[in-house]
2 protein chains.
Amino acid sequence: MPGHRSIAEAEKLAAAKLGGFPLRRDQMAAVANIHRAASAVRQHLENSVLRGADLTWTAFVVLWVVWVWGESETRHVAEEAGLSKGTLTGVSRTLERRGLIRRSSHPSDGRLVLLSLTDEGEALMRQVFPAFNDEEAFVTERLTAGECRGLAETLRQVVLQVEEHGEERRLALLDGAAPARRRSGRRPKS
Amino acid sequence: MPGHRSIAEAEKLAAAKLGGFPLRRDQMAAVANIHRAASAVRQHLENSVLRGADLTWTAFVVLWVVWVWGESETRHVAEEAGLSKGTLTGVSRTLERRGLIRRSSHPSDGRLVLLSLTDEGEALMRQVFPAFNDEEAFVTERLTAGECRGLAETLRQVVLQVEEHGEERRLALLDGAAPARRRSGRRPKS
DNA sequence: TCCGTACACTTTGATTCCGAACGACACCCG
DNA sequence: CGGGTGTCGTTCGGAATCAAAGTGTACGGA
């Protein structure tokens, strides 16, 4: 019982749950659908083009970033791909093991690590990307090009809002309270 | 160097990379921004309201689904939350350990497992959800209510397209070829 | 030159995640 | 009522995930 139908119903149920609480329905539906769409698109892409190339979503994104930007420092790749540095370390090592990516150290700054595609990685992207773009077109088939532009623009507003005011908002919400440790994560050596 | 600025530039670089290949830019930007927005929103929510309650995004989604739908079979919860059955097993067990969820077996069908919130889980949701909804409003602050509705509607078209034609499309793309095993995953016992 | 601070990547620990294999149960049909 | 067929949740293997701790390099000032 997938998708859009349940949203409306879930909203009603949630509203009932919350009684008189002033629920922001439109905003809730928008956010919920962003995640529904993202997950549906990702799953479709993984199970169509990516699966055949034996790439995960993340692996593809990393390859794509390095491909279009050329040899890059890992921190920029992580930023652009939307991963933590720690995750990128693992992913790029997997990619290196598979011979798709090369890791080299910066000639003058020993702290930096540069990522670049191997010939094999380059060849793979040249083959996979067109198919990927075809599926992007497929999933947006019900929208006109103009609607796609509008959608991108609207989503950009959301991204900007979080990027420009998210930090400040989080601080305000915490209001001096302890930053709340995560359940997982490394513990002190002691 | 975040976000929207790099998209335009990345597109140009990608177009150059692909030479004369007919690149669907608008569709590409739309899909890319869906994921950018989803990840930005998720991160903001995790680091604001969820962190304090010591919940991961996934844990919250599962609680939310069970909360609004009431006691439910795990397969429905997995579907609604957008997870595989296997993942839900692990997540619901974590939630059970923390005393937020109850797992009971179906009275007449021994295969089914039913999930429901404990009193503690119920109390937690009553406390966390309003804050969550506030942040949904925050991230969409630059949009009017009408734009939110439009956004939700547009995204719904994407979800519907994948849900209604994705399977068929994937089959057409494979065209009889072997379904391509995943690198990971359980191996036969032999 | 030595020191302290700042930065950049890696390691670590606890989870989450997927999909295929698996085992238990349900149901149809003879 | 016994077997085949199918459905459900669970287990498993490999990978991805984050945040914080740790390691190592860079660089400015004393």
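Note on naming: letters A, B, ... go to the chains in the order of the sequence lines (proteins, then strands), and numbering restarts at 1 for each one.
D:dG22 atom C1' lies 11 Å from atom NZ of A:Lys85, rounded to whole Å. Taking atom CD of B:Glu73 as the reference point, atom P of D:dC8 lies 8 Å away to the nearest angstrom. To the nearest angstrom, C1' of D:dT17 lies 10 Å from CD of B:Glu46. For the pair B:Arg93 CZ and D:dG9 C1', the computed distance is 10 Å after rounding to whole Å. Following rounding to the nearest Å, A:His106 (NE2) and D:dA26 (P) show an atom-to-atom distance of 10 Å. If you measure from atom CH2 of A:Trp57 to atom P of D:dA16, you get 15 Å, rounded to the nearest angstrom. A:Glu96 has its CD atom 14 Å from the P atom of D:dA16, to the nearest Å. Rounded to whole Å, atom C1' of D:dC18 lies 13 Å from atom CG of B:Asp54.
Listed nucleotides: C:dA8, C:dT10, D:dA16. Nearest to the side chain of A:Leu112: C:dA8.
Classification of B:Arg102 and B:Glu71 as a salt-bridged pair fails, no side-chain N sitting under 4.0 Å from a carboxylate O. By the 4.0 Å N-to-carboxylate-O rule, A:Arg156 lies close enough to A:Glu153 to be salt-bridged with it. B:Arg98 has no carboxylate O lying under 4.0 Å from a charged side-chain N of B:Glu120, or vice versa, which leaves the two without a salt bridge. Taking a cutoff of 4.0 Å between a charged side-chain nitrogen and a carboxylate oxygen, A:Arg36 and B:Glu80 qualify as a salt bridge.
Here A:Thr94 reaches the OP1 or OP2 of D:dA16: one of its side-chain N or O atoms lies under 4.0 Å away. The side chain of A:Arg97 places no N or O atom within less than 4.0 Å of a non-bridging phosphate oxygen (OP1 or OP2) of D:dG14. Put simply, A:Arg98 has no side-chain N or O that comes within less than 4.0 Å of OP1 or OP2 on D:dA15. Taking only side-chain nitrogens and oxygens, A:Thr56 never comes nearer than 4.0 Å to OP1 or OP2 of C:dC18. At the phosphate of D:dA19, neither OP1 nor OP2 sits under 4.0 Å from any side-chain N or O atom of A:Ser84. Distances shorter than 4.0 Å separate none of the side-chain N or O atoms of B:Arg186 from OP1 or OP2 on D:dT11. Taking only side-chain nitrogens and oxygens, B:Asn47 never comes nearer than 4.0 Å to OP1 or OP2 of D:dC18. OP1 or OP2 of C:dC18 lies within a sub-4.0 Å distance of a side-chain N or O belonging to B:Thr87. Contact between the side-chain N/O atoms of B:Arg103 and the OP1/OP2 oxygens of D:dT10 is found at a separation under 4.0 Å.
The nearest heavy atom of DNA chain C to B:Leu88 and to A:Gly90 marks one nucleotide each, and the one closer to the 5' end goes with A:Gly90. Along DNA chain D, the nucleotide nearest to A:Asp109 and the one nearest to B:Arg75 differ in position, and the one closer to the 5' end is contacted by B:Arg75.
A:Thr74 comes within 4.0 angstrom of sugar-phosphate atoms only, judged by non-hydrogen atoms across all strands, and of no base. Note on B:Gly86: a base of the nucleic acid sits closer than 4.0 angstrom, heavy atoms only. Across all strands shown, B:Ser108 has heavy atoms under 4.0 Å from sugar-phosphate atoms exclusively, and none from any base. Looking at heavy-atom distances under 4.0 Å, A:Ser39 makes no contact with the nucleic acid at all. When heavy atoms are screened at a 4.0 angstrom cut-off, A:Leu83 is found touching the sugar-phosphate backbone but no base atom.
The base of C:dA8 is not paired with the side chain of A:Arg111 by any donor and acceptor separated by under 3.5 Å.
Between B:Phe132 and B:Phe60, the ring planes lie parallel to each other; the angle is under 30°, not in the 30° to 60° tilted range.
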Exercise. Stepwise, does the salt bridge (charged side-chain N to carboxylate O under 4.0 Å, His left out) test hold for A:Glu164 with B:Arg142?
Worked result: CA-CA 12 Å; A:Glu164 288 175 12; B:Arg142 299 189 183 196; 2.7 Å; yes
